[in-house]
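Keep in mind that what you see is a predicted model, and the values were worked out from it rather than measured. In this chain, residues are counted from 1 in sequence order.
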Amino acid sequence: MYEQVSHSLLNAILDDLKPEIRRQNLRHFYTRLGANFYAIYSLFFTLYGHREDFKEQMLRLVETMAEGYINRSSELEGIDIQREQDHNWFLSQNWVGMALYTNGFAESLDDLADKTPYFQELGINMVHIMPILMCPAGKSDGGYAISNFRQIDDRIGDLKDLHRVAEEFRKRDILLVLDIVLNHTSDEHEWAQKAMSGDPCYQDYYFMFDNREVPDMFEQNMPEIFHESDPGNFTWNEETQKWVMTVFHNYQWDLNYSNPAVFIEMLDIILFWANQGVDVLRLDAVAFLWKKIGAASQNERNAHLILQLMKDCCQVTAPGVLFIAEAIVAPVEIIKYFGEDAIIAKECEIAYNATLMALLWDGIATKNTKLLYQGIKNLPDKLERATWLNYVRCHDDIGFGFDDNDVRASGYEPFAHRKFLVDYFSGKFNASPARGMVFMLNDETGDARICGSLASLAGLESALESDDQTLILASINKILLLHSIIMSFGGIPLLYSGDALGVTNDYSYQDNPSKSDDSRWVNRPTINWERAELRKKQGTVEYTLFNALKKMIAIRKETSAFADFNNRELLDINNEHLICFVRFNPLRPAERVMVIANFDAKPQYLDLETLNGKGINFYNHFVDLYSGRSPAQHDRQIILQPYQFYWLTEI
């Protein structure tokens with residue numbers, strides 16, 4: 001789009017570019033810059049147009065994008081062009097992800113590169129390597145308190161090692177996902193250190209105040225994130241004799257995005273990692289990017305403008321790179337992180353479906369799907385060219401942040417139901433097989449979250465201890481049931497390291513002083529690779545789980561209906577223990593898969609006559625894609641055993 005004011009400024013900026021930039025071959029850069037500049041200018045003006053140095057900052061912004069483009073390899077530029085030509089590439093059913101800590105899955109980045117064949121063996125082609133940047137020992141927040149945004153933690157490797165990982169991944173068409181922590185830095189970061197030394201330029205990178213007047217105004221509306229370990233949102237800094245905003249831990253200083261220099265610095269960091277071969281950048285804590293007195297300072301309008309601006313700038317320099325929004329917020333808010341366009345994701349192409357994850361665990365605890373149905377019905381429609389990241393477990397805790405209206409509509413009282421879930425998964429509820437740990441209990445509200453590995457929460461840990469084969473099989477079936485949903489729901493399924501091997505809770509963190517007060521480490525295990533070899537030995541839990549998931553992944557990749565084009569229809573079937581939905585190929589609607597899953601510990605049946613008028617011919621015969629067999633059926637009723645699932649097609 002041509003617009004006189006913005007493009008006359010663009011012409012002036014191009015004239016003022018550094019000579020070393022003007023001499024470069026920037027054909028694709030100029031084409032993309034021209035196409036995106038009105039949007040970039042408008043967003044930058046909305047955020048920073050009131051500043052006297054606006055034009056100077058705009059020049060620096062364009063130079064940052066140009067320098068990023070110049071530093072981009074011809075190989076990565078070729079990938080950019082390929083993905084521009086196939087702009088829906090990431091919506092394919094072909095993608096299946098795994099998240100891992102480098103030093104939990106392997107010994108180092110170099111060792112991780114050597115273990116790449118494991119991903120191929122299972123069918124994984126998108127690997128999220130959890131935070132690997134330099135953090136202070138003992139004050140790392142699991143890798144999210146960055147002291148150097150361009151340096152890898154030397155305990156796990158260096159840039160050369162990461163380049164080897166990226167090269168190994170590209171050979172095998174595996175996407176590399178890395179974290180960028182946008183909201184804050186460690187207090188040991190160079191910027192924070194300069195701020196502590198009294199440099200006013202870098203003090204303006206953060207929120208620093210001489211007294212409590214402004215902090216108290218913020219505190220009136222800002223909730224506490226870690227009310228037990230780090231209450232409040234400000235920390236007194238002795239060196240500067242100032243109050244510093246620290247929304248998370250007291251050693252994590254929040255960045256001030258009302259300063260354009262901060263935005264440009266962080267964009268430069270994003271482009272730096274894009275140029276190291278990263279395909280997908282997970283943007284951490286995006287809901288917190290804009291702080292505003294009189295508001296909760298979460299999900300603010302300007303936080304979305306910042307992300308839109310980052311996306312537009314990245315599309316100029318590295319358009320093949322995707323963004324994941326790490327925003328664990330209510331569905332009505334999370335959907336906004338895709339952007340405001342009618343079709344295209346203008347902020348982040350991918351967002352975590354934390355609501356689905358929590359709803360699935362509710363189904364396991366209650367053995368029914370009332371709340372699961374209600375939650376899915378009220379999950380807002382995503383944009384056409386955006387997708388969910390669906391997961392059963394991750395490195396973090398589980399929060400039961402359901403909409404209270406959904407809880408009541410399902411027949412539960414919200415407070416009592418959340419207490420039941422916490423008790424169930426922490427093993428306090430009678431006969432619960434789960435082995436989870438309570439995290440961040442709020443004594444005033446009774447609110448709490450749950451930590452624990454997938455296997456332990458599904459009852460496998462306790463079943464193995466009792467050596468009860470019936471319980472072991474039930475736990476395995478729960479794990480497969482949960483994965484059958486995320487594989488077929490619509491979006492990119494994300495497995496967590498160790499889940500395909502049935503790895504249980506790791507209690508060794510309790511002996512580590514730097515981790516012992518954070519129970520989330522219980523579900524951040526170190527893989528025992530000798531034990532992992534049991535995946536090749538029939539009769540073991542590892543063999544059963546690994547090969548079942550391997551098969552599930554392979555079938556998913558061959559099933560076009562599982563691609564994500566808003567092609568899911570939830571079916572009401574009058575059985576509160578089952579969930580049922582249809583996936584279809586929008587280009588060939590006759591290619592359909594009916595997904596049915598039984599969350600009960602007892603057999604259940606689906607009455608096919610309840611599907612009358614919903615496009616399902618209940619006189620037809622069905623075959624299960626997963627087993628290759630027709631389902632147990634009698635008198636137009638499909639029978640499901642405890643924790644069984646079907647991916648049914650009509651024949």
Side-chain angles (χ1 to χ4, degrees), residues 98-112 114-115 118 128-145 153-157 179 226 228-230 249 251 391-398 422 425-428 432-441 448-467 472 475 479 495-535 540-542 545-546:
M98 177 179 285
L100 55 87
Y101 277 99
T102 301
N103 56 358
F105 183 83
E107 294 180 2
S108 62
L109 285 171
D110 194 49
D111 186 35
L112 175 60
D114 291 337
K115 288 183 167 58
Y118 174 86
H128 174 201
I129 301 176
M130 302 292 287
I132 58 173
L133 302 187
M134 185 63 70
C135 292
K139 296 195 304 179
S140 70
D141 187 29
Y144 291 97
D153 186 336
D154 54 18
R155 291 170 292 186
I156 60 170
D179 288 84
F226 295 119
E228 282 187 334
S229 57
D230 295 271
H249 294 290
Y251 51 80
Y391 60 107
V392 178
R393 281 301 290 121
C394 67
H395 71 288
D396 231 333
D397 54 275
I398 301 174
V422 171
F425 287 112
S426 60
K428 296 176 183 176
S432 167
R435 290 284 179 85
M437 303 184 72
V438 176
F439 179 66
M440 298 300 293
L441 174 65
R449 290 171 266 176
I450 287 291
C451 300
S453 74
L454 165 60
S456 295
L457 292 175
L460 184 57
E461 180 181 339
S462 57
L464 289 171
E465 287 179 359
S466 65
D467 196 25
I472 290 172
S475 299
I479 292 170
L495 283 69
Y496 187 60
S497 175
D499 285 353
L501 300 168
V503 175
T504 56
N505 285 347
D506 179 5
Y507 300 102
S508 66
Y509 81 95
Q510 295 171 337
D511 300 322
N512 185 331
S514 67
K515 299 177 179 179
S516 58
D517 63 347
D518 188 345
S519 56
R520 290 175 298 177
W521 286 103
V522 78
N523 47 264
R524 299 170 182 174
T526 298
I527 303 298
N528 182 330
W529 282 99
E530 290 184 7
R531 188 167 183 82
E533 286 297 304
L534 292 174
R535 72 188 186 277
T540 64
V541 168
E542 290 80 2
L545 275 174
F546 187 89

Taking side chain as C-beta onward, heavy atoms only, is Ser519 less than 4.5 Å from Tyr509? yes
How are the rings of Phe226 and His249 set relative to one another: parallel (under 30°), tilted (30 to 60°) or perpendicular (over 60°)? parallel
Do you know which two heavy atoms are closest between Cys394 and Asn523, and how far apart they sit? O-ND2, 3.5 Å
Within the side chain of Asp153, is there an N or O that forms a donor-acceptor pair under 3.5 Å with the backbone of Arg155? yes
Would you check if the side chain of Ser453 reaches a backbone N or O of Val503 as a donor-acceptor pair within less than 3.5 Å? yes
Starting at CD of Glu461, measure out to OG of Ser475 and round the result to the nearest 0.5 Å. 10.5 Å
Leu501 and Ala532 have their tightest heavy-atom pair at CD1-CB, 3.8 Å
Whether the side chain of Arg435 engages the backbone of Ala455 through a donor-acceptor N/O pair (distance < 3.5 Å, no angle test) should be reported. no
Please round to the nearest 0.5 Å and tell me the distance separating atom CD of Glu107 and atom OG1 of Thr526. 10.0 Å
Salt-bridge criterion met for Asp506 and Arg524 (N-O under 4.0 Å): no
Which atom names give the shortest non-hydrogen contact between Phe105 and Trp529, and what distance separates them? O-NE1, 2.7 Å
Ser456 side chain to Asn505 backbone, donor-acceptor under 3.5 Å: yes
About how many Å separate CD1 of Ile479 and CG of Leu460, when rounded to the nearest 0.5 Å? 5.0 Å
Restricting to non-hydrogen atoms, name the atom on Ile450 and the atom on Gly436 that form the minimum distance, rounded to 0.1 Å. CG2-CA, 4.5 Å
Output yes when a side-chain donor or acceptor of Ser140 lies under 3.5 Å from a complementary backbone atom of Ala137, and no otherwise. no
Distance-only polar pair, side chains of Ser108 and Asp110, donor-acceptor under 3.5 Å: no
Is there a side-chain contact between Phe439 and Ser426 (heavy atoms, below 4.5 Å)? no
Do the non-hydrogen side-chain atoms of Tyr144 and Asp179 ever get within less than 4.5 Å of each other? yes
As an exercise, state the distance from CG of Asp111 to CG of Leu109, rounded to the nearest 0.5 Å. 9.5 Å
Taking all non-hydrogen atoms of both residues, which atom of Pro131 and which atom of Gly143 are closest, and how far apart? CB-O, 3.1 Å
Side chains of Leu441 and Val422 in contact at under 4.5 Å (non-hydrogen atoms): no
Over all atoms of both residues, closest heavy-atom pair of Ser497 and Pro525: O-CG, 4.4 Å
By the definition side-chain contact (heavy atoms from CB on, under 4.5 Å), identify the one residue from Met440, Arg520, Met437 that meets it with Asp397. Arg520
Can you tell me how far OG1 of Thr540 sits from CG of Leu545, rounded to the nearest 0.5 angstrom? 9.0 Å
Is the shortest side-chain heavy-atom distance between Phe425 and Val438 below 4.5 Å? no
Quick check for you: to the nearest 0.5 Å, what is the distance between Asp517 atom CG and Asn512 atom CG? 10.0 Å
When you look at Ile398 and Arg393, which way does the side chain to side chain contact (heavy atoms under 4.5 Å, CB included) test go after all the steps? CA-CA 8 Å; Ile398 301 174; Arg393 281 301 290 121; 3.4 Å; yes
Hey, does Asp154 have a side-chain heavy atom less than 4.5 Å from the side chain of Met134? yes
Any chance you could lay out the side chain to side chain contact (heavy atoms under 4.5 Å, CB included) test for Ile129 and Leu112, step after step, and finish with the verdict? CA-CA 10 Å; Ile129 301 176; Leu112 175 60; 3.4 Å; yes
Salt-bridge criterion met for Glu533 and Arg535 (N-O under 4.0 Å): yes
